[in-house]
Amino acid sequence: MNGDTEPLPGPAPLYSIGELARRTGLTVKTIRFWSDSGIVTPTERTRAGYRRYGVDAVARLDLVRTLREIGLDLPTIRKVVDREVPLADVAAAHAEALDVQIHALRLRKAVLTAVAKRGADPEELALMHRLAKLSEDERRRLIDDFLGTVFEGLDDHPAFGAVIRSMTPELPDDPTVEQVQAWVELAELLQDPGFRASVQGMARDLADDRSPDDAMGLPRILAEAVRSLAEPALADGIGPHTPRAARVAAALTAQYARITGHPDDAALRLRLAAHLKTMNDPRRDRYLRLLATLNGWPPPTDLAPALTWIIQALHAPDTAR
(Lines give C-alpha, C1' and ligand atoms only; values in the text may rest on other atoms or scores of the structure.)
Protein backbone atom coordinates (compact mmCIF):
# COMPACT_ATOMS: atom_id res chain seq x y z
CA MET A 1 0.00 0.00 0.00
CA ASN A 2 1.30 3.48 -0.92
CA GLY A 3 2.49 5.35 2.17
CA ASP A 4 0.81 8.54 0.87
CA THR A 5 -2.67 7.01 0.94
CA GLU A 6 -5.13 9.00 3.07
CA PRO A 7 -6.46 7.03 6.06
CA LEU A 8 -10.13 6.16 5.90
CA PRO A 9 -12.31 8.44 8.08
CA GLY A 10 -13.56 6.90 11.30
CA PRO A 11 -17.22 6.77 12.27
CA ALA A 12 -18.87 10.05 13.26
CA PRO A 13 -18.96 10.55 17.03
CA LEU A 14 -22.18 9.87 18.90
CA TYR A 15 -23.22 11.63 22.09
CA SER A 16 -25.19 10.56 25.08
CA ILE A 17 -27.88 12.83 26.52
CA GLY A 18 -25.47 13.86 29.27
CA GLU A 19 -22.82 14.87 26.75
CA LEU A 20 -25.40 16.83 24.76
CA ALA A 21 -26.47 18.59 27.94
CA ARG A 22 -22.86 19.64 28.64
CA ARG A 23 -22.35 20.90 25.08
CA THR A 24 -25.63 22.84 24.81
CA GLY A 25 -26.21 24.00 28.39
CA LEU A 26 -29.67 22.40 28.37
CA THR A 27 -30.84 20.06 31.09
CA VAL A 28 -30.95 16.31 30.56
CA LYS A 29 -34.66 16.42 31.37
CA THR A 30 -35.34 19.00 28.64
CA ILE A 31 -33.38 17.08 25.99
CA ARG A 32 -35.17 13.85 26.90
CA PHE A 33 -38.56 15.59 26.70
CA TRP A 34 -37.77 17.07 23.28
CA SER A 35 -36.50 13.69 22.15
CA ASP A 36 -39.70 11.98 23.31
CA SER A 37 -41.66 14.65 21.39
CA GLY A 38 -39.88 13.65 18.17
CA ILE A 39 -38.11 16.98 17.75
CA VAL A 40 -34.55 15.70 18.32
CA THR A 41 -34.40 12.01 17.54
CA PRO A 42 -31.49 9.73 18.54
CA THR A 43 -29.27 8.31 15.81
CA GLU A 44 -29.25 4.92 17.52
CA ARG A 45 -29.69 3.16 20.81
CA THR A 46 -27.20 0.98 22.63
CA ARG A 47 -27.96 -2.61 23.51
CA ALA A 48 -28.87 -1.37 26.97
CA GLY A 49 -31.39 1.05 25.40
CA TYR A 50 -29.42 4.28 25.95
CA ARG A 51 -29.89 6.95 23.31
CA ARG A 52 -27.00 8.19 21.19
CA TYR A 53 -27.17 11.34 19.10
CA GLY A 54 -25.22 12.54 16.08
CA VAL A 55 -23.25 15.79 15.83
CA ASP A 56 -26.19 17.48 14.06
CA ALA A 57 -28.20 17.17 17.27
CA VAL A 58 -26.19 20.00 18.84
CA ALA A 59 -27.19 22.49 16.12
CA ARG A 60 -30.77 21.17 16.15
CA LEU A 61 -31.03 21.64 19.90
CA ASP A 62 -29.70 25.20 19.64
CA LEU A 63 -32.37 25.97 17.02
CA VAL A 64 -35.12 24.41 19.12
CA ARG A 65 -34.05 26.41 22.17
CA THR A 66 -34.11 29.65 20.15
CA LEU A 67 -37.56 28.91 18.77
CA ARG A 68 -38.85 28.10 22.25
CA GLU A 69 -37.41 31.34 23.63
CA ILE A 70 -39.31 33.39 21.05
CA GLY A 71 -42.51 31.61 22.07
CA LEU A 72 -43.19 28.90 19.46
CA ASP A 73 -44.99 25.79 20.64
CA LEU A 74 -43.40 22.34 20.27
CA PRO A 75 -45.71 21.03 17.49
CA THR A 76 -44.85 24.08 15.37
CA ILE A 77 -41.15 23.73 16.17
CA ARG A 78 -41.22 20.12 15.03
CA LYS A 79 -42.68 21.17 11.68
CA VAL A 80 -40.01 23.84 11.30
CA VAL A 81 -37.03 21.64 12.10
CA ASP A 82 -38.42 18.86 9.90
CA ARG A 83 -38.85 21.47 7.13
CA GLU A 84 -42.56 20.76 6.83
CA VAL A 85 -43.25 24.49 6.98
CA PRO A 86 -40.91 27.41 6.11
CA LEU A 87 -39.46 29.19 9.14
CA ALA A 88 -40.19 32.58 7.51
CA ASP A 89 -43.92 31.80 7.37
CA VAL A 90 -43.95 30.66 10.99
CA ALA A 91 -42.05 33.77 12.09
CA ALA A 92 -44.48 36.06 10.26
CA ALA A 93 -47.51 34.36 11.80
CA HIS A 94 -45.94 34.46 15.24
CA ALA A 95 -45.09 38.16 14.86
CA GLU A 96 -48.75 38.88 14.05
CA ALA A 97 -49.85 36.92 17.11
CA LEU A 98 -47.40 38.87 19.26
CA ASP A 99 -48.82 42.14 17.92
CA VAL A 100 -52.25 41.08 19.16
CA GLN A 101 -50.81 40.15 22.56
CA ILE A 102 -48.87 43.42 22.82
CA HIS A 103 -51.99 45.41 21.94
CA ALA A 104 -53.98 43.55 24.58
CA LEU A 105 -51.27 44.12 27.19
CA ARG A 106 -51.16 47.83 26.38
CA LEU A 107 -54.91 48.06 26.83
CA ARG A 108 -54.68 46.23 30.13
CA LYS A 109 -51.82 48.46 31.33
CA ALA A 110 -53.69 51.61 30.30
CA VAL A 111 -56.83 50.58 32.15
CA LEU A 112 -54.93 49.59 35.30
CA THR A 113 -52.93 52.85 35.23
CA ALA A 114 -56.14 54.86 34.85
CA VAL A 115 -57.78 52.93 37.69
CA ALA A 116 -54.79 53.63 39.94
CA LYS A 117 -54.86 57.36 39.11
CA ARG A 118 -58.63 57.78 39.44
CA GLY A 119 -59.21 55.46 42.37
CA ALA A 120 -61.93 53.70 40.38
CA ASP A 121 -64.30 51.25 42.02
CA PRO A 122 -64.96 47.74 40.58
CA GLU A 123 -67.95 48.89 38.52
CA GLU A 124 -65.96 51.71 36.94
CA LEU A 125 -63.07 49.33 36.29
CA ALA A 126 -65.42 46.98 34.40
CA LEU A 127 -66.76 49.88 32.32
CA MET A 128 -63.27 51.16 31.50
CA HIS A 129 -62.16 47.68 30.49
CA ARG A 130 -65.14 47.28 28.15
CA LEU A 131 -64.52 50.68 26.57
CA ALA A 132 -60.84 49.92 26.02
CA LYS A 133 -61.64 46.60 24.33
CA LEU A 134 -64.17 47.99 21.84
CA SER A 135 -63.44 46.97 18.27
CA GLU A 136 -62.79 49.57 15.57
CA ASP A 137 -66.36 49.17 14.25
CA GLU A 138 -67.79 49.55 17.77
CA ARG A 139 -65.71 52.68 18.37
CA ARG A 140 -66.85 54.12 15.06
CA ARG A 141 -70.52 53.48 15.88
CA LEU A 142 -70.09 55.19 19.26
CA ILE A 143 -68.43 58.22 17.68
CA ASP A 144 -70.93 58.45 14.83
CA ASP A 145 -73.83 58.18 17.27
CA PHE A 146 -72.45 61.07 19.35
CA LEU A 147 -71.70 63.35 16.41
CA GLY A 148 -74.95 62.43 14.69
CA THR A 149 -76.91 63.38 17.80
CA VAL A 150 -75.22 66.68 18.63
CA PHE A 151 -75.06 67.89 15.01
CA GLU A 152 -78.41 66.47 13.93
CA GLY A 153 -79.72 68.38 10.95
CA LEU A 154 -76.46 70.32 10.55
CA ASP A 155 -74.43 67.78 8.59
CA ASP A 156 -74.98 69.62 5.32
CA HIS A 157 -74.50 73.09 6.78
CA PRO A 158 -71.22 74.38 5.26
CA ALA A 159 -70.21 76.12 8.48
CA PHE A 160 -70.26 72.84 10.42
CA GLY A 161 -68.59 70.36 8.08
CA ALA A 162 -65.12 71.31 9.28
CA VAL A 163 -66.31 71.45 12.90
CA ILE A 164 -67.60 67.88 12.76
CA ARG A 165 -64.34 66.67 11.22
CA SER A 166 -62.30 68.52 13.83
CA MET A 167 -64.27 66.82 16.63
CA THR A 168 -63.83 63.27 15.28
CA PRO A 169 -61.41 61.13 17.32
CA GLU A 170 -59.15 58.62 15.56
CA LEU A 171 -57.57 56.00 17.81
CA PRO A 172 -54.35 54.82 16.07
CA ASP A 173 -53.83 51.16 15.19
CA ASP A 174 -50.89 51.04 17.60
CA PRO A 175 -51.91 53.48 20.36
CA THR A 176 -49.73 54.53 23.27
CA VAL A 177 -50.84 53.96 26.85
CA GLU A 178 -51.74 57.67 27.06
CA GLN A 179 -53.90 57.41 23.94
CA VAL A 180 -55.75 54.38 25.29
CA GLN A 181 -56.39 56.23 28.55
CA ALA A 182 -57.58 59.26 26.57
CA TRP A 183 -59.93 57.06 24.55
CA VAL A 184 -61.47 55.49 27.66
CA GLU A 185 -62.19 58.91 29.18
CA LEU A 186 -63.40 60.36 25.89
CA ALA A 187 -65.70 57.36 25.33
CA GLU A 188 -67.26 58.06 28.73
CA LEU A 189 -67.89 61.66 27.62
CA LEU A 190 -69.44 60.47 24.36
CA GLN A 191 -72.02 58.53 26.37
CA ASP A 192 -72.69 61.32 28.90
CA PRO A 193 -76.24 62.63 28.18
CA GLY A 194 -75.43 65.93 29.86
CA PHE A 195 -72.36 66.49 27.69
CA ARG A 196 -74.30 65.54 24.56
CA ALA A 197 -76.99 68.06 25.41
CA SER A 198 -74.36 70.72 26.13
CA VAL A 199 -72.56 70.27 22.80
CA GLN A 200 -75.89 70.10 20.97
CA GLY A 201 -76.86 73.41 22.59
CA MET A 202 -73.61 75.00 21.41
CA ALA A 203 -74.19 73.75 17.88
CA ARG A 204 -77.80 74.99 17.84
CA ASP A 205 -76.83 78.42 19.13
CA LEU A 206 -74.15 78.82 16.50
CA ALA A 207 -76.38 77.46 13.74
CA ASP A 208 -79.02 80.06 14.64
CA ASP A 209 -76.41 82.75 13.95
CA ARG A 210 -75.61 81.47 10.46
CA SER A 211 -77.69 81.25 7.34
CA PRO A 212 -77.75 77.82 5.63
CA ASP A 213 -75.73 79.13 2.68
CA ASP A 214 -73.07 80.79 4.84
CA ALA A 215 -69.83 78.83 4.70
CA MET A 216 -68.00 80.88 7.32
CA GLY A 217 -66.87 78.77 10.25
CA LEU A 218 -68.47 80.75 13.06
CA PRO A 219 -67.59 78.30 15.87
CA ARG A 220 -63.88 78.65 15.19
CA ILE A 221 -64.08 82.38 14.44
CA LEU A 222 -65.93 83.10 17.69
CA ALA A 223 -63.49 81.04 19.79
CA GLU A 224 -60.51 82.75 18.16
CA ALA A 225 -62.08 86.16 18.73
CA VAL A 226 -62.55 85.40 22.43
CA ARG A 227 -58.93 84.26 22.71
CA SER A 228 -57.46 87.21 20.84
CA LEU A 229 -59.45 89.81 22.80
CA ALA A 230 -59.85 88.36 26.28
CA GLU A 231 -56.63 86.44 26.88
CA PRO A 232 -54.29 89.49 26.64
CA ALA A 233 -56.44 91.31 29.23
CA LEU A 234 -56.40 88.23 31.46
CA ALA A 235 -52.61 87.99 31.13
CA ASP A 236 -52.32 91.64 32.19
CA GLY A 237 -54.43 90.97 35.29
CA ILE A 238 -57.30 93.18 34.12
CA GLY A 239 -60.58 92.57 35.99
CA PRO A 240 -63.81 91.94 34.06
CA HIS A 241 -65.52 94.99 35.64
CA THR A 242 -63.04 97.64 34.47
CA PRO A 243 -63.06 100.17 31.62
CA ARG A 244 -60.56 98.09 29.62
CA ALA A 245 -62.77 95.04 30.02
CA ALA A 246 -65.72 97.10 28.80
CA ARG A 247 -63.76 98.03 25.66
CA VAL A 248 -62.88 94.37 25.06
CA ALA A 249 -66.53 93.37 25.48
CA ALA A 250 -67.59 96.12 23.06
CA ALA A 251 -65.00 95.01 20.50
CA LEU A 252 -66.18 91.38 20.70
CA THR A 253 -69.84 92.42 20.40
CA ALA A 254 -69.03 94.55 17.35
CA GLN A 255 -67.19 91.64 15.72
CA TYR A 256 -70.10 89.32 16.54
CA ALA A 257 -72.49 91.83 14.94
CA ARG A 258 -70.41 91.85 11.75
CA ILE A 259 -70.30 88.04 11.64
CA THR A 260 -74.03 87.56 12.19
CA GLY A 261 -75.32 90.61 10.38
CA HIS A 262 -77.36 91.72 13.42
CA PRO A 263 -77.43 95.26 14.92
CA ASP A 264 -74.81 95.90 17.59
CA ASP A 265 -77.15 96.62 20.49
CA ALA A 266 -77.92 95.49 24.05
CA ALA A 267 -80.02 92.56 22.82
CA LEU A 268 -77.12 91.27 20.74
CA ARG A 269 -74.79 91.62 23.71
CA LEU A 270 -77.12 89.48 25.86
CA ARG A 271 -77.45 86.95 23.04
CA LEU A 272 -73.67 86.73 22.73
CA ALA A 273 -73.27 86.32 26.49
CA ALA A 274 -75.84 83.50 26.52
CA HIS A 275 -74.06 81.69 23.66
CA LEU A 276 -70.69 82.00 25.36
CA LYS A 277 -72.19 80.72 28.62
CA THR A 278 -73.35 77.60 26.77
CA MET A 279 -69.82 77.19 25.37
CA ASN A 280 -68.29 77.56 28.82
CA ASP A 281 -68.61 73.89 29.76
CA PRO A 282 -65.40 72.46 31.30
CA ARG A 283 -66.18 69.15 29.59
CA ARG A 284 -65.73 70.92 26.24
CA ASP A 285 -62.10 71.80 27.02
CA ARG A 286 -61.51 68.30 28.39
CA TYR A 287 -62.94 66.73 25.22
CA LEU A 288 -60.66 68.84 23.03
CA ARG A 289 -57.58 67.93 25.09
CA LEU A 290 -58.41 64.22 24.94
CA LEU A 291 -59.09 64.56 21.21
CA ALA A 292 -55.66 66.14 20.68
CA THR A 293 -53.98 63.27 22.55
CA LEU A 294 -55.82 60.67 20.46
CA ASN A 295 -55.23 62.36 17.12
CA GLY A 296 -51.63 63.34 17.81
CA TRP A 297 -52.37 67.08 17.69
CA PRO A 298 -50.71 69.79 19.81
CA PRO A 299 -52.57 70.21 23.12
CA PRO A 300 -55.01 73.14 22.97
CA THR A 301 -55.14 75.96 25.48
CA ASP A 302 -58.26 75.82 27.68
CA LEU A 303 -60.81 78.43 26.62
CA ALA A 304 -62.73 78.37 29.92
CA PRO A 305 -60.78 81.18 31.69
CA ALA A 306 -61.24 83.54 28.75
CA LEU A 307 -64.91 82.62 28.41
CA THR A 308 -65.59 83.19 32.10
CA TRP A 309 -63.85 86.57 31.99
CA ILE A 310 -65.59 87.84 28.84
CA ILE A 311 -69.03 86.68 30.05
CA GLN A 312 -68.52 88.68 33.24
CA ALA A 313 -67.38 91.67 31.18
CA LEU A 314 -70.48 91.44 28.95
CA HIS A 315 -72.73 91.44 32.02
CA ALA A 316 -70.83 94.25 33.77
CA PRO A 317 -72.88 97.37 34.63
CA ASP A 318 -72.72 100.33 32.29
CA THR A 319 -70.73 102.32 34.84
CA ALA A 320 -67.67 100.33 33.87
CA ARG A 321 -67.98 101.32 30.20
Side-chain angles (χ1 to χ4, degrees), residues 6-116 125 128-130 132-139 170-184 294 296:
E6 290 287 340
L8 295 174
L14 297 176
Y15 303 113
S16 67
I17 286 184
E19 289 170 327
L20 279 182
R22 287 190 292 273
R23 287 176 175 270
T24 61
L26 295 166
T27 65
V28 169
K29 183 178 179 180
T30 296
I31 297 174
R32 183 177 290 113
F33 178 70
W34 289 352
S35 182
D36 291 341
S37 301
I39 295 174
V40 182
T41 56
T43 301
E44 64 178 42
R45 285 180 180 266
T46 67
R47 289 183 178 179
Y50 294 110
R51 304 176 226 209
R52 294 292 181 265
Y53 298 86
V55 293
D56 63 322
V58 176
R60 195 175 178 101
L61 285 169
D62 283 338
L63 174 59
V64 174
R65 174 168 51 191
T66 300
L67 295 176
R68 284 295 288 160
E69 287 175 350
I70 65 174
L72 294 187
D73 58 87
L74 289 179
T76 301
I77 290 174
R78 181 174 180 177
K79 292 179 181 179
V80 170
V81 297
D82 289 343
R83 300 184 183 278
E84 295 179 21
V85 294
L87 177 59
D89 291 351
V90 173
H94 194 61
E96 291 180 7
L98 285 176
D99 281 340
V100 173
Q101 293 177 22
I102 290 170
H103 180 70
L105 288 173
R106 281 182 172 171
L107 290 178
R108 191 178 305 169
K109 179 181 178 182
V111 170
L112 291 174
T113 302
V115 168
L125 168 61
M128 292 166 64
H129 186 57
R130 286 196 299 272
K133 290 182 66 177
L134 289 179
S135 67
E136 182 178 353
D137 287 343
E138 290 169 330
R139 289 197 303 269
E170 298 287 348
L171 184 64
D173 293 334
D174 188 22
T176 64
V177 171
E178 290 75 18
Q179 286 174 319
V180 174
Q181 291 174 343
W183 161 250
V184 169
L294 276 173

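Just so you know, these numbers use all the heavy atoms, side chains as well, and skip hydrogens, waters and symmetry mates. Computed from a predicted structure; not experimentally measured.
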Salt bridge (charged side-chain N to carboxylate O under 4.0 Å, His left out) against D36, all qualifying residues, sequence neighbours excluded: R51
Looking only at side-chain N and O atoms, does Y53 offer a donor or acceptor that is under 3.5 Å from a partner on S35? yes
For D89, what residues pass the side-chain contact (heavy atoms from CB on, under 4.5 Å) criterion, not counting sequence neighbours? P86
Test side-chain contact (heavy atoms from CB on, under 4.5 Å) applied to T43 - qualifying residues, sequence neighbours left out: L14
R45 atom CZ, over 12 foreign heavy atoms within 6.0 Å: yes
First locate atom CD1 of I39, then atom CG of L67, and finally report the distance between them rounded to the nearest 0.5 Å. 9.5 Å
Donor-acceptor contact present, side-chain T76 to main-chain L72, <3.5 Å: no
Looking at L74 and S37, what are the two nearest heavy atoms and their distance? CD1-OG, 4.3 Å
Salt bridge (Lys or Arg N to Asp or Glu O under 4.0 Å) contacts in which one or both residues fall within residues 63-82, not counting sequence neighbours: R60-D82, D62-R65, R78-D82
To the nearest 0.5 Å, what is the distance between OH on Y15 and CG on L20? 8.0 Å
Can you list everything that forms a salt bridge (charged side-chain N to carboxylate O under 4.0 Å, His left out) with R139? Sequence neighbours excluded, please. none
Quick one: does any side-chain atom of Q179 pair with a main-chain N or O of L294 as donor and acceptor, under 3.5 Å? yes
Taking salt bridge (charged side-chain N to carboxylate O under 4.0 Å, His left out) as the definition, give me every residue that meets it alongside E178, ordered by chain and number, with sequence neighbours left out. none
